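First comes the structure, then the notes that go with it.
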Amino acid sequence: MDAVTKKSIPGWIILLLITPVYFFSNLQKVIIPGAVFDELQQMFTLDAAGVTRIGAMFLGVYAVSQLIIGVLVDRYGGARVIISGGTLFCIGSILSAFGFSLELLYFSRLLTGFGAASIYLSMVKEIGRVAGSKLPLVLGVATIIGYAGAITGASPFIAGVDKFGYFTMVLGSGIIMTLFYLAYVAVAVRDNFPSVERSVKFSIPAYLNVFKSRQNVALMLSVGISFGTYFALQSTIGKKFLEDFCHLSPSASGLVLTVTMIIATVNGFIAANVSSWINNRRRPLVIFSGIGCLAGALLILAGVWQNTGAFLPVAGMIVMAFAGNIAPIFVAVLKESNPEHSFGTSVCVCNAFAYAVSAGFGAGAGKLMDIFPPETIEGIKIYGKNSYLLVFAVLAAVAVIAGLLSLLIRETYGKPFTTTETQD
């Protein structure tokens, strides 16, 4: 057993209580508006742009918060940050159930987004403190549990909304999550918090230095676009598209999203193993991510253009799921391309960009959909071929950027960054 773990046996209990909170942070990323797109249209008489704006607000604040939370975690430790951010997360998650006004929903999603951003980085910090050399193994298990939240937010949550309604499912998930959070706090406050690292401060130049490396910029744009566009489909417009254009039922649409989320979850581990099998080469997997994003977008676009039904669009979404998550490779390339003192900052900046793409594409897709008038049936706006043709034509155009920039990535062969290297 590591010396670190001997000093903090209760720390393992703390980790067991953090992971369910992380589960619910991933659940919250995909359920509003992804799982309840039509319900939100009916509740607030919204067009597509109005609904996607709700998701964009959550993902936007989540993206920006990455830059703030990273510094706070290094300065104050994971436990302090997760206790503060988790409080906002609980409040926002519960308030999201109450449809008294659209303004209240906006406010609740902003709280939830900021709170959710604090969970992952705080969890990683705590795992590093408690697990010692077992960090990769423990983080891998925690990641699987966390991604299970996004999987649950697809088909199972959609089925629950269909049976019990929006209010019951959103409120119920918020209350259950709050109970796990309170259990975590009750145990965490009994442990010794690490001392405050007063030398860690916000530094604008540190963020700007990330963009001085062509490797960082190419990787951030390529992988960020690939993940961001996939996640926008998963969390914002995917279910709506599958129901409107592919004529799938809510349960069938949820099943598709569940499958794509499972693929994305498992693919992180597959990518890491493939890289190991090919002598720690990273570049082929980054290229696969960029080209795969473009291939998936073109498949969906072709399906819409030719009215093929669900087959080609679903195939395209599956390809994008495989391409969208190569997180272990993404982080490895950043670590092998940046000095140690700027590695954490580069991860925060690039991660923030990926979620900013999700927010931007999700919001933009809603505006594009509304260019062509929808058909209204029982209070639900149904969008047709022209709306989705425009959305996925733009997606394919953006994916071209990801594909081209992936070709510019320099191979690192798993070698650590040395002071003799240049970031260019």
Side-chain angles (χ1 to χ4, degrees), residues 5 11-31 34-35 62 66 73 78 82 86 89 93 115-158 173 176-177 179-181 183-184 223 226-227 230-231 233-235 254-277 285 288-289 317-318 320-332 335 347 351 354-355 358:
T5 60
W12 290 101
I13 300 175
I14 292 173
L15 294 186
L16 288 174
L17 294 171
I18 288 178
T19 47
V21 179
Y22 180 49
F23 171 98
F24 282 99
S25 76
N26 281 282
L27 178 79
Q28 287 290 334
K29 288 179 188 177
V30 300
I31 61 173
Y62 186 93
Q66 297 289 308
V73 165
I82 201 172
F89 184 54
S93 298
S118 73
I119 305 300
Y120 176 71
L121 292 176
S122 299
M123 182 186 72
V124 171
K125 188 74 172 183
E126 284 296 280
I127 289 175
R129 182 175 71 90
V130 174
S133 63
K134 295 183 176 63
L135 185 147
L137 175 62
V138 178
L139 182 57
V141 174
T143 301
I144 291 175
I145 295 173
Y147 270 72
I151 294 169
T152 304
S155 184
F157 194 89
I158 291 170
S173 63
I176 295 171
M177 191 278 300
L179 294 176
F180 277 111
Y181 166 74
Y184 163 75
V223 178
S226 181
F227 171 83
Y230 150 71
F231 198 74
L233 286 178
Q234 184 75 34
S235 63
L255 180 60
V256 172
L257 295 180
T258 299
V259 170
T260 54
M261 194 67 239
I262 291 173
I263 289 171
T265 300
V266 175
N267 196 60
F269 291 94
I270 294 175
N273 281 287
V274 170
S275 177
S276 177
W277 295 337
L285 291 157
F288 167 76
S289 178
M317 292 176 70
I318 289 174
M320 290 188 69
F322 273 111
N325 181 27
I326 58 164
I329 305 303
F330 175 63
V331 173
K335 187 171 182 62
V347 172
N351 203 37
Y355 281 101
S358 287

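Model, not experiment: these values are computed from the prediction.
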In Å and rounded to the nearest 0.5 Å, what is the [atom1] to [atom2] distance from [X] to [Y]?
X    : Y    : atom1 : atom2 : answer
T265 : N26  : OG1   : CG    : 8.5 Å
I31  : F24  : CD1   : CZ    : 9.5 Å
N273 : N267 : CG    : CG    : 11.0 Å
M123 : I82  : CE    : CD1   : 8.0 Å
Y62  : N351 : OH    : CG    : 6.5 Å

Pairwise side-chain contact, [X] with [Y], heavy-atom cut-off 4.5 Å (strictly under):
X    : Y    : value
M177 : F89  : yes
T258 : P156 : yes
N325 : F330 : no

Restricting to side chain to side chain donor-acceptor pair (under 3.5 Å), what partner residues turn up for [X], sequence neighbours left out?
X    : answer
S275 : R282
T260 : Q234
S358 : none

Report task. Could you go through the side-chain contact (heavy atoms from CB on, under 4.5 Å) check for I263 and I318 one step at a time? Result -> CA-CA 8 Å; I263 289 171; I318 289 174; 3.6 Å; yes
Query raised in the report: Donor-acceptor pair, S226 side chain versus A323 backbone, under 3.5 Å?
Result: yes
Report task. For S235 and G34, indicate whether the former's side chain and the latter's backbone hold a donor-acceptor pair under 3.5 Å. Result -> no
Query raised in the report: Taking everything shown except F180 itself, do over 12 heavy atoms lie less than 6.0 Å from its CZ?
Result: no
Report task. Take M317 and V259 through the test side-chain contact (heavy atoms from CB on, under 4.5 Å) and record every step on the way to the result. Result -> CA-CA 10 Å; M317 292 176 70; V259 170; over 6 Å; no
Between [X] and [Y], what is the shortest heavy-atom contact and its length?
X    : Y    : answer
A271 : L285 : O-CD1, 3.4 Å
Y230 : A264 : OH-CB, 3.4 Å
A35  : I158 : CB-CG1, 3.6 Å
L27  : G149 : CD1-O, 3.3 Å
S25  : A116 : CB-CB, 4.1 Å
L17  : A183 : CD1-O, 3.5 Å

Query raised in the report: Given the side-chain rings of F227 and Y355, with only the six-membered ring counted for Trp, is the space between their centroids under 6.0 Å?
Result: yes
Requested in this report: Kindly determine whether Y22 and Y120 satisfy ring-ring contact (aromatic ring centres under 6.0 Å, His included), including the steps that lead there.
Outcome: CA-CA 7 Å; Y22 180 49; Y120 176 71; 5.5 Å; yes
